[in-house]
Amino acid sequence: MSLLSTRTTSKETPLVKNRRTRVIAVLMALIGIFTVFVFGWGSESRAHSSLTFTPLNLTNAPWHLGSLTVVTRWTDVVLGLVMIAAAAEVFVRQPRRAVMARFGGVAILFLLALLFWAARSPGPSPVSSVNITTILVGSSAAAMVLIFGSLSGVMCERAGVVNIAIEGQFIGGAFLGSMIVSTTHDFFFAAIAGAVAGALIGLVLAFLSLRYRSDQIIVGVVLVTMLSSLSSYLNLQVLTPFPNFNTGNLAPNLAIPLLSKIPIIGPVFFNQSGFFYLMIVLVAAVSFALFKTRYGLHVRAVGEHPRAAATVGINVIRVRYINVVLGGAIAGLGGVAFMATQGQFQVGYTSGWGYIALAALIFGRWRPSGAVVASIIFGLSVYLSYELVTYQVPVSIYILQMIPYLITIAVVAGLIGRVRAPAADGQPYLRD
Amino acid sequence: MQLELRGITKRFGSFTANDQISLKVEPGQIHSLLGENGAGKSTLMNVLFGLLRPDEGEILIDGVVAPIADSGEAVRRGIGMVHQHFMLVPVFSVTENVVLGFEPTKSFDRVDYRRATEDIERLSQQFHLDVDPDAIVENLPVGLQQRVEILKALSHDAELLILDEPTAVLTPQEIDSLMAIMRSLAAAGKSILFITHKLKEVKAVADVITVIRQGHVVGTAEPSASESELASMMVGRNVQLTVEKSPFNPGAEVLEVRDLVVLGDRGLVAVDGVSIDVRAGEVMALAGVQGNGQTEFVEALVGMRPVLSGTITLHGRDITNLTPRQALDAGLGHIPEDRQRDGLVLSMSVADNLVLNTPRRAPFARHGTRDLAAVNDNAVRLVHDFDIRTTSIQGPASSLSGGNQQKVIVARELSRPLEFLIASQPTRGLDVGSIEYVHRQIIEHRNHGNGSLIVSSELDEVLALGDRIAVMYEGKISGVVDPSVSRESIGLLMTGHTSETASV
Amino acid sequence: MSEVTAAPPRPSLWVRYTSSSPIVVTVFALVLGLVVGALIIITTTPAVLDAWRAIFHGWDGVPHALNVTFNNVGAAYRSMFTGSIVDPQGFWHSLVTGKGWTNTLTPISETFTYATPLVIVSIGVGIAFQTGLFNIGANGQAVIGGISGTVVGSMLHMPTILHLPLTLLAGIAGGMICGAVPGVLKAYTGAHEVIVTLMFNYVAYAFLLFMVLSTPFQQPGQQNDISRTMDPSAQLAPLFGSSSGLRVSFGVFVAALVVAFAWWLLNRSSLGFDFRVTGANPSAARASGINARSVIVVAFLISGGLAGLAGVVQVASTTHYIDGGFLIGNAGIGFTAITVALLGRNKPMGIVWAALLFAALGVGGRNMQAATGIPLDLATVIQSVIVLFVATPVLVKEIFRLRGVSTASVQLATTGWGS
């Protein structure tokens with residue numbers, strides 16, 4: 001059908017400007033106005049905010065960036081005006097690409113303005129400075145987990161299978177990972193166990209949806225329910241009576257010599273746990289495999305037009321099996337990585353991150369690089385929603401905790417229709 | 001390559017799609033497989049290409065038995081297929097599509113795109129295909145996409161090419177150039193199996209013709225055989241391609257369309273300033289190669305697609321930019337192009353499908369509650385009146401044959417009071433009996449003094465039904481002609497040659 | 001020449017019986033669920049594992065190990081049954097002596113108490129499914145409905161005849177507001193309802209914690225996450241009087257009304273016809289004049305409203321207050337509702353039976369945890385396994401070698417994330 005309708009010639013330009021773009025622009029403008037008046041005008045005229053860059057645990061680092069103090073009101077007013085300018089640009093120029101990237105930028109500026117406002121001094125906050133490096137390091141942990149999840153989604157959905165069970169794979173990976181690291185005290189084995197757990201869940205999803213063509217979303221959702229209740233069951237039945245199985249551990253940071261000493265960048269990128277470096281390797285590997293290799297070409301063909309792939313001898317079902325299982329393994333690793341940032345397994349603590357990862361995948365247009373950018377934005381908002389509590393913002397922590405989920409809804413609502421999923425995503429493949 | 005099929009039989013449940021089919025294709029020969037829709041041509045090709053397993057019979061290549069387990073094996077044995085619905089990934093480049101499954105690689109499993117591109121350019125030149133390897137397939141016109149399919153088969157060293165209904169989506173001029181390509185391929189020693197139901201093309205290009213009907217080979221013919229000879233072999237009786245009509249007696253103008261502009265799915269102009277009038281008692285046939293804006297035009301008429309500018313009036317009343325509901329209420333009947341997608345809910349009962357667009361209306365519902373007795377009475381009546389073959393009106397629409405599914409839609413539309421009938425591709429994929437039936441119903445509707453617009457890409461249908469014929473090309477009406485004009489001049493209009501002299 | 005072809009062999013009674021209806025698949029799925037549950041018990045209960053470990057010292061340990069296995073699994077399932085349906089011994093005792101009826105009837109009363117809101121919310125999910133919409137946010141909608149209902153029930157004061165209906169309506173309104181968001185976003189921006197409703201669950205939890213810890217709504221004098229208590233005039237009274245000791249409440253009539261409404265809506269109403277056409281074939285729905293946007297929004301309003309009603313019924317018939325653990329995690333009826341709707345094939349009466357079954361599993365699970373120490377989460381695992389099999393009828397057929405069973409599967413028109 002789409003093949004036929006493309007016959008209409010492409011010399012004309014679109015005559016209708018996209019109304020959706022304007023809605024997003026208005027949303028951006030509202031955020032900017034809110035920033036100007038609440039955070040800017042709302043701060044006392046003499047209040048200052050200070051930015052620091054040295055993480056607390058690295059005060060003896062060989063370098064020192066001094067702190068930067070700004071007038072809160074004017075800084076936030078300027079940030080708000082920048083947002084409004086961006087909104088105006090989107091409204092007037094109607095750029096065809098990267099609208100959502102601008103929206104993401106506005107979201108980040110908003111969070112920054114919020115921080116300045118929260119940490120103003122004199123003010124209600126006991127913490128008087130914003131430590132950029134600490135925030136970035138803290139967010140990178142959340143972003144890392146989301147990247148594992150969305151990378152898993154890229155693997156599955158590029159091959160045409162919706163993996164909504166990422167949340168379940170997180171749980172499975174975290175549970176098994178904690179058990180293994182508690183008994184072997186070695187994150188290597190924990191990572192392997194978590195990957196296997198995720199892969200097995202992926203295998204069940206693949207088996208039911210590929211062999212029996214069950215609805216992928218239903219199977220995924222039920223798998224998540226099953227995994228979360230199973231983990232709760234095992235927690236009471238096994239981990240509670242045998243606490244030695246869940247002593248857990250925090251993954252140690254592996255500082256890379258020299259590079260880890262670079263201001264800001266060092267702590268964020270070069271003084272992280274092995275899972276972080278593994279994540280970077282996986283992002284590179286998945287990008288390379290998907291867009292440069294023969295196998296990746298097959299995967300993308302299977303996700304776009306499985307019948308065409310089948311006619312040139314590609315085994316559609318096998319490619320999907322492989323990708324769903326590998327994707328499951330990646331999400332399982334994400335579960336272990338999550339556990340390794342929390343110290344041990346707890347029931348229900350993934351609290352929907354698997355689903356946020358799915359949104360990051362859509363935001364990232366089914367590309368590994370896009371998923372990374374989206375995960376960083378979501379990671380920042382997740383981290384800050386918890387971090388703001390220490391600033392004693394006069395807003396309930398529970399309201400703050402809604403932020404990442406609301407941002408996810410806004411992004412997904414603003415996005416769909418302007419991104420294109422793999423054409424066969426979610427559809428069962430019938431061989432005649 | 002010499003290919004021989006011996007006694008191929010393929011059954012689906014109790015239905016035998018192919019029954020003991022045997023035929024032989026010689027090297028350098030264009031062998032035409034002629035049969036109407038549903039005769040079993042596509043099944044046979046899918047067997048040959050390894051997409052289906054035959055229940056009986058064997059395939060011989062150059063005299064040796066060569067079982068074909070899957071399409072990969074078919075390709076390795078030198079069989080290439082150009083599918084009716086192209087097997088191309090729309091978002092991939094030409095190169096990616098052509099090399100898919102047979103990629104030259106470098107280290108680390110990387111695809112060697114440079115080598116691939118060079119190969120494609122070489123082949124493209126050798127056979128005068130003239131395709132840009134870096135173009136994205138979805139941006140290419142259909143004719144070029146088809147060449148990409150041919151290129152794909154050639155790049156896999158195909159010695160035998162199967163072309164499955166290759167002309168269905170092409171303009172007459174594109175068909176000519178396809179035939180030239182076919183001849184040059186045959187001259188280069190390639191064998192070609194050309195599947196079609198169009199008699200003229202067979203006569204123009206084939207060396208040998210095998211006719212199949214209802215899964216059987218009914219005989220072979222020489223290209224010199226007359227069209228009516230071939231046609232009667234195809235359908236097993238003499239075919240009446242024309243429909244008996246009462247004399248043309250047009251009344252007042254019913255539907256007026258002025259300067260209509262409509263966008264397509266991708267935001268590009270699909271209908272570009274179309275103006276058309278249809279009078280009472282007239283069938284206006286809208287001809288043209290598929291994809292020239294007819295679909296969007298009809299969707300705009302029935303309220304399924306917004307009108308950017310221009311007006312539509314029905315009996316002098318402005319009906320531009322109505323919702324589909326309002327368009328239905330205004331008295332527009334619509335037989336949609338894709339009946340299974342837009343016309344029926346296959347999982348619901350025949351009775352429900354017969355009231356699909358009037359469920360809220362008396363007598364079928366009162367105060368928001370449906371009257372199922374009235375729905376059933378209506379179904380019993382229409383099943384009888386329109387000769388819908390079904391075992392039960394409560395059975396799902398999916399259990400009906402394609403012809404009977406179409407009858408359900410025709411019955412539903414023609415049984416309610418209509419001001420105007422719009423039918424898109426009303427007989428696509430139907431057997432001859434159903435085609436005649438649907439044509440008679442449309443003409444009867446016309447004979448009662450109603451106006452209709454029939455959109456069809458089948459020239460025969462257009463000529464049989466139309467009192468006047470409008471031809472659409474790239475979103476514009478390239479001409480409105482009388483059905484008595486030659487096929488060639490309509491063909492010229494279909495390629496955009498506007499002709500003042502041709503218009504009435 | 002042509003002989004009369006031999007008639008196909010008449011299928012055995014077993015085959016004819018087992019192929020008669022899709023219920024067969026459900027029954028076998030239930031069996032498989034219990035088998036998987038038993039395997040989980042066996043592999044995670046120390047006593048059972050110890051008994052099997054003993055066989056490494058000699059084969060004579062096998063009978064003992066089998067014995068322990070059957071005892072443990074048997075005890076678990078027996079306590080599930082007696083805790084949710086009836087304890088046969090107690091039943092005979094009551095029948096003979098005429099005493100102890102409260103104890104005898106408590107399990108079944110609890111099952112109905114649990115099933116009442118579950119039926120309501122599952123019908124909401126089922127109506128959405130029939131419209132081709134996946135409402136995974138029913139739990140959040142039920143939470144919001146519970147909050148808004150409890151606010152009206154505890155902070156306004158008026159006679160029962162006004163208060164109870166107003167309380168229930170407040171719950172419906174809360175759920176509707178919550179359901180309107182994914183409905184409107186789906187209809188007007190194409191945002192996939194799965195993601196939006198999922199995210200809204202977490203928003204609803206956060207809102208719940210905010211509410212039960214904030215001044216006007218929090219129980220005065222309390223520091224804990226607990227709300228005010230509903231006035232008696234807003235509560236759904238026990239069906240057999242508060243002296244009966246049985247919790248089953250007038251909520252069952254609310255549920256019955258909802259079932260009747262849903263039956264009419266889906267089978268007899270024009271609106272329900274539009275829903276089903278939209279769910280089965282959105283393109284045909286559009287072509288036949290159905291306004292897809294309004295169908296999506298209205299279906300989500302009904303679905304969310306019913307979820308909200310379930311939330312307030314849950315509060316008004318059991319605790320009468322709401323706390324931070326309301327419908328949290330796997331105990332959330334809104335999540336169970338997805339599986340119930342699938343098991344009941346989105347049909348009102350099917351959902352009633354499925355809800356009773358899952359309520360029995362849930363209530364029985366509580367009793368099992370109390371009696372044997374096996375965590376009640378096992379019940380949710382069993383429920384998930386049942387639904388996985390119901391969603392995969394062909395697999396059930398293969399496992400049990402059934403032939404000819406209707407394999408109509410529950411299927412959404414999942415078309416990926418596009419609009």
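Just so it is clear: chains get the letters A, B, ... in the order the sequence lines come, proteins before strands, and each one is counted from 1.
With a 4.5 angstrom heavy-atom cutoff, B:Met348 touches chain C only via side-chain atoms. At a 4.5 Å heavy-atom cutoff, the contact between B:Leu356 and chain C is made by backbone and side-chain atoms alike.
Within 6.0 Å of the CZ atom in B:Phe12, the count of heavy atoms belonging to other residues, nucleotides or ligands exceeds 12.
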Output the donor-acceptor atom pairs between chain B and chain C under 3.5 Å, with atom names and distances to 0.1 Å.
| unit_1 | atom_1 | unit_2 | atom_2 | d |
| --- | --- | --- | --- | --- |
| B:Met304 | O | C:Arg286 | NH2 | 2.0 |
| B:Gln340 | O | C:Asn281 | ND2 | 3.2 |
| B:Arg341 | O | C:Asn281 | ND2 | 2.9 |
| B:Arg341 | O | C:Ala284 | N | 3.2 |
| B:Leu344 | O | C:Asn281 | ND2 | 2.8 |
| B:Arg360 | NE | C:Asp274 | OD2 | 3.2 |
| B:Arg360 | NH2 | C:Asp274 | OD2 | 2.8 |
| B:Gly368 | O | C:Ser270 | N | 2.9 |
| B:Thr369 | OG1 | C:Trp264 | NE1 | 3.1 |
| B:Arg370 | N | C:Arg268 | O | 2.5 |

